[in-house]
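All heavy atoms count here, side chains included; hydrogens, waters and symmetry mates do not. Chain A is the first sequence line, chain B the second, and so forth, proteins listed ahead of strands; every chain is numbered from 1.
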Amino acid sequence: MSRLESFAKLKLVRAITSLRVTVVCLACLMVIVFWGTIYQTDYGLYASQQRFFYSWYFLAGGFIPLPGARLVMWVFSISLLGATILKLKYRWSNIGILMTHVGVLSFFLAAFITFHSSQHSSVRLFEGGHANVSSDYNEWELSIWQEHSLDASTVQRDVVAVAGLKEGRSWRLSDPNCTVDVETYYDHCRADMGPRSADAPRNAAGITRLTKQKRHTSPEEDVPGGIFRILSPGGDPQRVLLYAAEQVPLTLEIGDETYFMALRRKRYELPFSLKLLDFERKVHSGTAIPKSFKSRVEVRHADATREVVIWMNHPLRYADFTFFQSSFTPDEQGSIFAVVENPGRWLPYIASSTTCLGLIVHFVVMLVQSRRRQARMA
Amino acid sequence: MSRMGHGKPRALRRGLFGSFAWPAVACCALFVATATPGHGAEERGLSLKEFARITVLANGRKMPLDSYARINLLQLSGRQRHGKESALAWLARAIFDPESVLDDRFIRIDNPEIADAVGVERDDHRRYGFRELAQGYSQENNLVMVQRIAGIDDKERTPFEKEFFRTYNNMVSFSHMMSTYLFADPHRDFAASEETLATLGIETGGNPLSALQMLRHIDAIRSHFPADHQSGMDNLAGIERDVFQLVANLYSRRQASHGQNLPFEVIPYGNEEAADWMSPWQATLHIGGDPGIIDELNLLEAMRHAYRSGRQLEFDRAVRDFRKRTSLRAGPGFETRYPSLELLYNRANPFLYAKFWYALAFLVSLASLAFWERRCLFAATILIAVGLAFHTTGLLSRMLIMGRPPVTNLYATFLFVSWICVLLGVALMRFGRRSVGALLASLAGFALLMLSGKFATEGDTMGVLVAVLDSNFWLATHVVTITIGYAGCCAAGVVGHIYILQALFGKKDRARLRGTYQAMFGMLAFGLIFSAVGTILGGIWADQSWGRFWGWDPKENGALMIVLWCALLFHARLSGMVREIGLAAGTIIGIFMVVLAWFGINLLGVGLHSYGFTSGTAVGMLVFFVAETIFMAITVPLARRRMA
């Protein structure tokens, strides 16, 4: 008996790789998927993903812990891996089954890599405008910079940005030399202007008060705001109020230098710059049914440029980045692209083809076997 | 069941596909025969054969007027005929002679409370006349109600409010349709003194002018237009004042985009790239200066004149001239793809016939269980073949007309899923499960085509697609595969029913039961494969267009649940957790999963895939679930005891 065989005979291994575990995992997944789908009606996709699909467990009725999709998928993939190696019979008539199981395993691998390393963001461009950064959907950052340019879409040099904003957090920065404390921070709030009292925090637009609001079901619609305390050595502490919807950054003296500050969506640098040449939206004549959205863009990398057309179902791919036509501004002068960076983006394709091929091969094998059996019986 | 025949009729021994050939041919002949133009002479003694072929733009696509009439009548009354009258004849009356349709009862209102609210008597047929409803709706309290409902979001409206508003909108759009000839009717805004008319050389018989008459005499009007018109009306007198007033009134209507919503967009304009279609009224206001357009408007007016006086020759000549002129002026890009085929499709109504033959086949298959098994099954085979021929012809026609794969909307999924189910049934018959195959093909074909009718009343079943769906490649791969998967799971469920009933009531014939079990197993495997491949292809499409393979969107989840359930059944059977009867019950639950994924998800109204829904479906689904659950709760334990 080989070492592998004796390992397979271990009680624990046999339990984990048993078909019962598969059935239980499939059943659990069904319940989670069903629940998570119904949940979306009231709480939206984002909340449902966080609660059911990206979590290890969730609480039903507030106190009964049930496994989340993440936990079930881990158990499932371990069981599946074990069964594929130890239990499946390696013979020709089983090739379809084997391929299918390997395919499903690679789906789990793809899900793992995508979940942990892909980055979703968006770029909003007006005709003639260009950008070399994309912004996050949900995360916000506090950024401080010196050289103010009006073009908000391009990376500015000398930027310090802190993300993960939360009440009570504090950062020690070296340039500018100061400490930033978060005094108050709301994920979604309303801003009010009013008479300024002496101890009110400074604000560029004259906002004096932030009121916490209920968060949206899709968090990308939230407008956060907060009050921050900036303390530079030798200077007085300065309280500033920043609201995400403000158009103009706040000007601030730290030490002897002038800085600009704003609360904005977290930014990611792109390996090239993108310029929108033209956006076109077509409707089916005589109706308001959209027929196509199309953007002509110029991609500039170093000094080389090329023109690309991005439209529905036809994204621009560049290294690990993919740009999709996602939406447009209400005046139809601007285009909004979804940007996805996913180093494992080819994995689902491998998994897909393996699984599909495996299923089809097995079906054919089954059909042939059943015909042979029938012929024998006759 | 053994396929070995002892003394079978010859046709049976030739194999099923031999016997499939001749009914198919006969059926195509029948299809053409029922669809021969001229079938059903129109009322008023006027044939509308030529009229049916006029091209019109509606819902974003070009279609023959016959389809346009059907879609409009379907929207208003839920039917494609108005009593004995064809939709086209009804449309002709509505636009040429509106007075004659005012009291016809064709506006459908499902909720009788609406009738009470607008003060008309409840009608058992749920159809009401325009005039009575219009009187009811124009009462002040009802107008206030309409305004109030308009301010509420559609999701927040009560069923009463929805129906009240829907009816109101139907009334408005029908009143627009009746105003199609606004351009040719005398209008008090275009009144002028007799002296002026005489000078301009216009004969109106004492009536005001119509917009079309003004266009016809535009040169005369232009020549009398005051040179000094900058100083306004007050300094003008006599003819100049009249002419100035006429032009100013016409111009102000154009500025106010008056009548922009008027339907009947039959006048093509622009070029192929930026094609635009106008209603006669819009054309009068905006492009009436073009002599070609005036000719076309004159022909439309001639059509009405000939229709009203019942002159067939004149009517046909005007229609033909109109079609010729518009297509010559506009060019080939404005033609519909297969106008004759679409007319044929409309008239022949292939799915109605398919339904009929399937229903007959089902009855005969049921009879085969009781007596004359071979003869009945032979007859059922032929009936199914005839139904399938109609079904296939219908599907192919739709594909040709739209230039698309078979499935483009919810209605089309029913046509296609039922077609695949029938094919699966036929395949089972071919592989020796004749009884089960015949039952599956006829029942699934009939039931699903019946259901499809419920989803056709929303209007054009061949409408245009929104941008994200506009990809023949993905429609042909992902959508077709996933619907084949639905069909496989549905077929497995139907065979599952048969298996349980066989186990419960059938003779104790192990071999036969085994055969049904294998058929069920095969269908389920077929369903699993296509659902899985379809779901995966869907993931790839999503990755291509939204940048993520999987996003836990409701429709994705629905498809995933089918795959998970099928996989669960196979693994549970393999591990011995369930036996044959358990698997059969599992396939029935599989139908639940399909129903949820197929149209249950749309009930949620969230997600990227959701597309419109009616609440009646929710009730239907619930009834189905409860009925099936009761069926299983009773039959499964009994069948298990009998099997043991």
Side-chain angles (χ1 to χ4, degrees), chain A residues 18-20 22-23 26-27 29-30 33-34 36-38 40-41 44-45 48-49 52-53 69 110-111 114 118 120 282-287 289-293 311-315 322-326 338-340 342 345 348-349 351-352 355-356 359-360 362-363 366-367 370-371 374 378, chain B residues 2-4 57-61 265 274-277 431-432 463-468 470-471 473-474 518 522 525-526 528-529 532-533 536-537 539-541 543-554 557-558 560-561 564-565 567-568 571-572 574-577 596 601 604-607:
Chain A
S18 78
L19 276 168
R20 278 168 194 275
T22 312
V23 172
L26 284 168
L29 271 181
M30 283 192 72
V33 168
F34 185 73
T37 310
I38 302 295
Q40 288 183 29
T41 329
L45 178 64
S48 164
Q49 283 173 341
F52 295 96
F53 302 119
T114 304
S118 74
H120 290 249
K282 273 191 190 161
V283 292
H284 288 285
S285 43
T287 66
I289 305 169
K291 189 175 178 187
S292 75
F293 312 104
W311 77 101
M312 274 290 168
N313 299 330
H314 293 84
T322 316
F323 288 75
F324 302 88
Q325 182 69 58
S326 135
V339 185
V340 179
N342 184 2
R345 60 169 221 81
Y349 290 80
S352 302
T355 314
C356 291
L359 282 170
I360 291 163
H362 186 63
F363 191 71
M366 253 173 51
L367 217 60
S370 125
R371 294 299 285 165
Q374 271 196 356
Chain B
S2 158
R3 288 187 67 225
M4 301 302 290
L57 183 93
N59 306 326
R61 81 171 175 106
E265 298 181 355
D276 206 356
W277 290 69
F431 286 120
V464 291
L465 295 167
V466 295
V468 68
D470 188 5
S471 154
F473 174 74
W474 289 113
Q518 279 168 351
F526 181 87
L528 168 64
I529 288 169
V533 173
I536 287 170
L537 284 171
I540 294 177
W541 187 6
D543 191 53
Q544 296 283 328
S545 59
W546 298 319
R548 85 284 184 293
F549 187 86
W550 198 259
W552 306 103
D553 174 271
N557 291 352
L560 179 65
M561 290 200 25
L564 289 175
W565 181 247
L568 187 148
H571 288 91
L574 203 61
S575 70
M577 287 165 89
L596 281 177
I601 291 302
L604 299 176
V606 292

Bottom line for A/His362: the part with an atom under 4.5 Å from chain B's heavy atoms is neither
Using non-hydrogen atoms only, which part of A/Ser326 is less than 4.5 Å away from chain B: side chain, backbone, both, or neither? neither
Donor-acceptor pair, A/Thr41 side chain versus A/Ile38 backbone, under 3.5 Å? yes
With a 4.5 angstrom heavy-atom cut-off, could you sort out which part of A/Val340 is near chain B: side chain, backbone, both or neither? side chain
Side chains of A/Pro348 and B/Asp543, heavy atoms from C-beta outward: is any pair under 4.5 Å? no
Mind checking the CG-CG spacing from B/Leu564 to A/Leu26? Nearest 0.5 Å is all I need. 6.0 Å
Heavy-atom distances under 4.5 Å only: say whether B/Met577 touches chain A with side chain, backbone, both or neither. side chain
Please classify the contact between B/Leu574 and chain A as side chain, backbone, both or neither, with a heavy-atom cut-off of under 4.5 Å. both
Measure distances from A/Thr355 to the heavy atoms of chain B and classify the residue's part below 4.5 Å as side chain, backbone, both or neither. side chain
With a 4.5 Å limit on heavy-atom distance, are the side chains of B/Trp565 and B/Leu528 in contact? no
Can you label the angle between the B/Trp552 ring and the B/Trp550 ring as parallel, tilted or perpendicular, going by 30° and 60°? perpendicular
Is a donor on one side and an acceptor on the other found under 3.5 Å between the side chain of A/Gln40 and the backbone of B/Asp553? no
With a 3.5 Å distance limit and no angle check, can you tell me whether A/Ser48 reaches the backbone of A/Gly36 through a side-chain donor-acceptor pair? yes
Considering only heavy atoms, which portion of B/Phe473 lies under 4.5 Å from any heavy atom of chain A: side chain, backbone, both, or neither? neither
Of all the heavy-atom pairs spanning A/Pro315 and A/Thr322, show the shortest one and how long it is. CB-CG2, 3.7 Å
Is it the backbone or the side chain of A/Phe52 that comes under 4.5 Å from a heavy atom of chain B, or both, or neither? neither
Please determine, among A/Tyr349, A/Phe363, A/Phe53, A/Phe34, the option with the most heavy-atom pairs under 4.5 Å with chain B. A/Phe53
What part of A/Leu29 lies closer than 4.5 angstrom to a heavy atom of chain B: side chain, backbone, both or neither? both
Chain A interface, residue from B/Val533, B/Leu560, B/Ile536 that has the most non-hydrogen pairs under 4.5 Å: B/Ile536
